Amino acid sequence: MFDTHDPETRKTFEPRIVAFFCNWCTYTAADLAGTSRMTYEPNVRVVRLMCSGRLDPQFVLHAFRQGCDGVLIGGCHSGDCHYQEGNHKAFRRYTLLKRLLTQMGIEEERLRLEWISASEGDKVRSVINEMCEQLRRLGPLRLERRPELRHTSVNQPDRVTVEVGGGSQ
Amino acid sequence: MSEFDIRSNGSPRIGVYVCHCGINISAKVDVAAAVEFAKTLPNVVIARDYKFMCSDPGQDTIQKDIREMSLDRVVVASCSPLMHEATFRRATMEAGQNQFFFQMANIREHVSWVTADGDKATEKAKALIGAAVRRVALHEPLEQRKVAVKPDVLVVGGGISGIHAALTVANSGKNVYLVEREPTIGGHMAKFDKTFPTLDCSACILTPKMTSVRSHPNITLMTYSEVQSVGGYVGNFEVDIRRKARYVDEKLCTGCGECVKACSVEVLSEFDEGLSKRKAIYRPFPQAVPNVFAISRKGTPPCQSVCAIHQNAQGYVTLIGLGKYKEALEVILRDNPLPAVCGRICTHPCSVACTRSKVDDPINIPGLKRFIADWVFKNKVDYQLPGPERERLERIAIVGAGPAGLMCAYELRKRGYQTEIFEALPVAGGMLAVGIPDFRLPKGVLISEIRKLEEIGVRINLNSRVGQNGLSLRHLRESFDAVFIATGAHQENKLKVPGEDLSSVWGGIDFLRRVSLGERIRLGKRVMVVGGGNSAIDAARTALRMGATEVSVVYRRTRAEMPADPDEIKEAEREGIHFDFLTTPKAFLGEKWVTAVEFLKMKLGAPDESWRPRPVPIPGSEYVTTCDDVIVTIGQESDLRIIGKDMSVETSNRGTIIADPLTLATNVEGVFAGGDCVSGPEIVVTALSAGRKAAISIHRYLNSLDIHMGRELEGAFESTIVTDTEGYLVKKRVPMPAIGLEQRKTFQEVHIGYNEEQAREEASRCLACAECCDCELCAAVCEPKAINYRMEDQIEKIKVGSIILATGFKAFNAERIPRYGYGKYSNVYTSLEVERMLNAAGPSGGQISLNGSGKPRTVGIIHCVGSRDETTNRYCSRVCCMYSLKLAHLIKERTEAEVYNFYIDMRTPGKGYEEFWDKLLQEGVHMIRGRVAEVTDWAMTKEEEGKLIIRAEDTLIGVVRRIPVDMVVLSVGLEPRPDAEEVGRLFNISCSKEGWFLERHPKLAPVSTFTDGVFLAGACQGPKDIPDCVAQAGAAAAEALALADKGFVELEPNTAFITEDRCSGCKTCIAMCPFTAIAFNAKEGTSEINEALCKGCGTCVAACPSGAAQQHMFTDKQICEEIEGILSYV
């Protein structure tokens, strides 16, 4: 794992991008890019969802918290969603999430939404290449890591210590 | 069982298998390193690599490990899950593991095939393996849902692909619905003459299959139908099919063809590619299946829709063009009992809306209507207006014998009621009699038309003013069953300036009435007419005929705002009437009679409520002109005294009677009012429309029917038909003959009317916007009485288990390549057009001739038009080389011309294709290898004169050549249908970049789509020739049959579910679901998901604020683990 505080590392910084692709359109397009042997930057790792509508904004936050530098969301073009309108719901969530992120100081370019249809393998390539280039210029995200982060599931509550008595005196 | 239960049996035991995929993966990814890395991951018990994991030995390895090492989860890092997830799941299942304890990492399509650097590729592969290992630990043991599959199959598209698919499925005993958009099945293949390479006659091999479809007991053929909506899912599709109205009953039509002979409308034939004409009632080709006719009716044409009484103008105009005058009269009389009147004085909104005006002049519809009336008169044709079938007892009183009253009486009489009109004047006709001078509408014409109404039983009492001599409105209401008030607007509007009461200052309406009733009025030499409407023009022209020598029309706005008919204004100017604009009288000067007028000049200001600019006086611009008489025609009002004090009919403060615009009912029950007395002064046809509307209202009222329902389209409305006006030659309107100026001193009618030759010529300009013109001549000759104009589209609902799409292709539009001259030069044809010409049943009976000037002596065939082209379509259309060779052979055979084929590459890959190519070479067809640069008619030598020159580089000899030919054939490529994307959405499938339907896998699943249960067959999936279409259709049929025979389908268990304890009942999820799979349980206060309806998108899960909703196979925890797996190790 690399230390993003080290200036040396920064020079050779390669962004890590987590992509959430919908099964019917974007994942298939990425497969098509593969069968067509298109070459693109290796920085993206794809998580497959059935529909971009499944994308919970928590996933994006979790990904940033776990150390990625950018998140790419891929869904079907408007009107083509395999489940009618899941992509529209994804778009709504994405717009609000983006505002939230910028207020937290995370640059807008780190979250990107693209509509890519199953036959647009070249769009997968160009979007990934573009995003990598952008993030290289932006630099690493450098979110403070939570101390004692162990590889556990999300919903396990942290231990809470309660002080009895005393108060502010 | 949750993941915690499983782990309580010992932590998950994961086996990781990394595939080399030959060298596809191992060339870039260091597989060994990946395996070593996998061993370090939590819960991984064993990690291996193998050359081909998907092969038998590969799968055996996994199974062996499961058994021997008690693995309970498996990760395979290889190709895309879309490729082999099912394969590996089955393998694990056979070894006794739940098949959903499996996860794939895509390190081929997403890593090795797309990454340049080997180290980076290996890193990426490791990250994905890490993700898969972390995720699979949380997988649940699920079971696939089994859903029963209905055996019926829907085939969409009746070309050769659809036909073959339907027959194959039907032969197995299953039921097939074959839906075809055109009136017949057959598709493009029915248009061809011969097929390559065998040169079989296309119809000969196609029609037996078409006949089989028709007679097959298991095939329900729905032609002239389209799929409107598709619901449900694989095995259980619910499809709505729109059966378009054919207007011919399929069960009764015998295909005899008598209707075609009688049909009066000709339009371009789509089947013959626009090279010939067909009738509006037609059959695309003689061997059509079903062998019945269809009428192409596009709706209500603009002329009919804007006419307030919806006269069928296209109908009678078409019939006049064919010389069928009696039939034309019958069409007119259906809606209008006063054709001679309307043909002369109507202000023709129909002509204003006529589509022909986009080409040159609108059709002179009233002139043609008048022609029929004149023909009736000249030939003493005896006709009866349609009268009542049976008499009814109810009596209706109508006040006023103007157009509204007469029409109302006519319409009521047709329905059998007894009608009695009470008219105040000594003549009937209202404004028609006393407002319009004889030189526009001769009295005799009006009288004879009114007599026809009396002949069917309309009673008219003249000199009977309601409100006088005991004849009150109340009395009428009490003695009759209903009353219609149509008294019009006959009271003058006054200017209200000094001197208006001087004698020889006439009110215009008063003046015209007196002249019409025969009073001898003496006018001076100089007459001024104040006003701008038709009455002003009529008064001015009347004044000229009554002794005035200098007549001026004075109007307070400009010519542009004059409400009078522009034709009338033109005639007035021809007759020498002078126009003064932006002028208004300020006072009339004189002692007992007027001697002079003081005028004031005006200028145009802001618009008033009629949207016309308000005239604003210019102070100090007064001037005085002498004159002998002044006629003031500035508008009319209604005389409301007829209502009387004992009836409380509501009136407005504008001086009109208030009546409901939809029904014409007044506030008094049984009393209706319409025409100018309600609307203010309007045109004649609006009054006729009011008369009809009142009759319908009265009819419904007397029969206690709802008088409001369904009345919206009674008045004028806008037509929805759009007619293509490209390509028509300009041919201006036949001018209406008129008498010369010297003859215009008397009240002789000015317009003479068309003679037969002029009428037919004018009628021939009609564009037949609605195609079928409702002349109803076909129904008259149809013995089995199969024709029904009242047919409507029907929706039929069917339930099927699978769907095969065979919707075919569209030929490339050659106009998109202008340099080839299609549409510019008359002897440039597309290949489909030439097919029709070569076809013995086609427009030229199998002969190739150049627009009637004999056979071509040289022909050039240009390959790759719209294919292999960066600017249009990059792909190769696959069939064009072969069909171009076929056309070359056939053309040479029929015409003995020299044939030149211009090709880029000769693509002849099929069975017998290369041999066919050899044969053509033997026949002496010239082959020039070079893409054609252009087709031009610009001759550079004498031999090139009058020919089309094809310029191309002959690349085999390295010379640019100019080949002069008589005829050019463009081998157009195949394109997806223009509505392919829309159709795709209907069936929930997607299209490729070029627009063809997307197959699941181009090599291994060419007939399946990503939507289970929907299959593809034929050219809709990509350009292909007939043998491939038939093969694919068989394949699609096999897939559909496999589904049907299995009887059930297993669905992914990736449905959403709600944990009741966590649900707070906020109902956020319910609105999210597009499949209405979530319902609220009011008793429990929580939401519940119906697993059968859930399609597994997960949108509700993402929306749930409490995490109560989760999706099997895609829980929040699983995905978060996957994210952590990606980011925690590399």
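Labels below follow one simple rule: chain letters A, B, ... track the order of the sequence lines, proteins then strands, and each chain is numbered from 1. Keep in mind the model is a prediction, meaning the values are calculated, not measured.
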Examine whether an atom of [X] lies under 4.5 Å from a heavy atom of chain A, and if so say whether it belongs to the side chain, the backbone or both; otherwise answer neither.
{"X": "B/C991", "answer": "backbone"}
{"X": "B/N988", "answer": "both"}
{"X": "B/A1103", "answer": "both"}
{"X": "B/N24", "answer": "side chain"}
{"X": "B/M1072", "answer": "both"}
{"X": "B/A127", "answer": "side chain"}

Of the backbone (N, CA, C, O) and the side chain (C-beta and beyond), which part of [X] lies under 4.5 Å from a heavy atom of chain B, both, or neither?
{"X": "A/V18", "value": "side chain"}
{"X": "A/N87", "value": "neither"}
{"X": "A/L49", "value": "both"}
{"X": "A/F20", "value": "side chain"}
{"X": "A/C81", "value": "backbone"}
{"X": "A/S36", "value": "neither"}

To the nearest 0.5 Å, how far apart are [atom1] in [X] and [atom2] in [Y]?
{"X": "A/D56", "Y": "B/T1099", "atom1": "CG", "atom2": "OG1", "answer": "11.5 Å"}
{"X": "B/E981", "Y": "A/D80", "atom1": "CD", "atom2": "CG", "answer": "6.0 Å"}
{"X": "B/E1122", "Y": "A/R48", "atom1": "CD", "atom2": "CZ", "answer": "9.5 Å"}
{"X": "A/T35", "Y": "B/E109", "atom1": "OG1", "atom2": "CD", "answer": "6.5 Å"}
{"X": "B/N1054", "Y": "A/C51", "atom1": "CG", "atom2": "SG", "answer": "11.0 Å"}
{"X": "B/C1120", "Y": "A/Q58", "atom1": "SG", "atom2": "CD", "answer": "8.0 Å"}

Query - For chain B, the option from A/H82, A/E41, A/E120, A/E85 that forms the most heavy-atom pairs under 4.5 Å - result: A/H82
Query raised in the report: Who wins among A/A33, A/G79, A/G86 for the most heavy-atom pairs under 4.5 Å with chain B?
Result: A/G79
Can you tell me which of [options] forms the most heavy-atom pairs within a distance under 4.5 Å of chain A?
{"options": "B/P81, B/G1125, B/C1100, B/P1002", "value": "B/P81"}
{"options": "B/T115, B/I1126, B/T1011", "value": "B/I1126"}
{"options": "B/C79, B/G1107, B/S992", "value": "B/S992"}

Query raised in the report: With sequence neighbours left out, what residues match B/Y875 under ring-ring contact (aromatic ring centres under 6.0 Å, His included)?
Result: B/W996
Query raised in the report: Considering heavy atoms only, which positions within residues 89-104 of chain A lie below 4.5 Å of chain B?
Result: A/K89, A/R92, A/R93
Requested in this report: Search all heavy atoms of B/G1096 against all heavy atoms of A/Y83 and return the closest pair with its distance.
Outcome: O-OH, 3.7 Å
Query raised in the report: If you look at every heavy atom in A/G67 and B/L1127, which pair is closest and at what distance?
Result: N-CD1, 4.4 Å
**Report entry** Audit row: B/K993, A/D122, side chain to side chain contact (heavy atoms under 4.5 Å, CB included) steps and yes/no
**Finding:** CA-CA 11 Å; B/K993 203 149 62 175; A/D122 52 348; 3.1 Å; yes
Query raised in the report: Heavy atoms, side chains only, cut-off 4.5 Å: are B/Q1111 and A/M50 in contact?
Result: yes
Query raised in the report: Do B/L82 and A/N23 have side-chain heavy atoms sitting under 4.5 Å apart?
Result: yes
Query raised in the report: Looking only at atom types and distance, does a side-chain atom of B/K124 sit under 3.5 Å from a main-chain N or O of A/R45, one as donor and one as acceptor?
Result: no
Report task. Output yes when a side-chain donor or acceptor of A/R125 lies under 3.5 Å from a complementary backbone atom of B/V114, and no otherwise. Result -> no
Report task. Would you mind checking if B/D1116 and A/R54 are paired as a salt bridge, meaning a charged N to carboxylate O distance below 4.0 Å? Result -> yes
Report task. Check whether more than 12 heavy atoms from other residues, nucleotides or ligands sit under 6.0 Å from atom CD of A/E133, and answer yes or no. Result -> yes
Query raised in the report: More than 12 non-hydrogen atoms from neighbouring residues, nucleotides or ligands closer than 6.0 Å to CD on A/E108, yes or no?
Result: no
Report task. Indicate the ring-plane relationship of A/Y27 and B/H110, choosing parallel, tilted or perpendicular according to the 30° and 60° boundaries. Result -> tilted
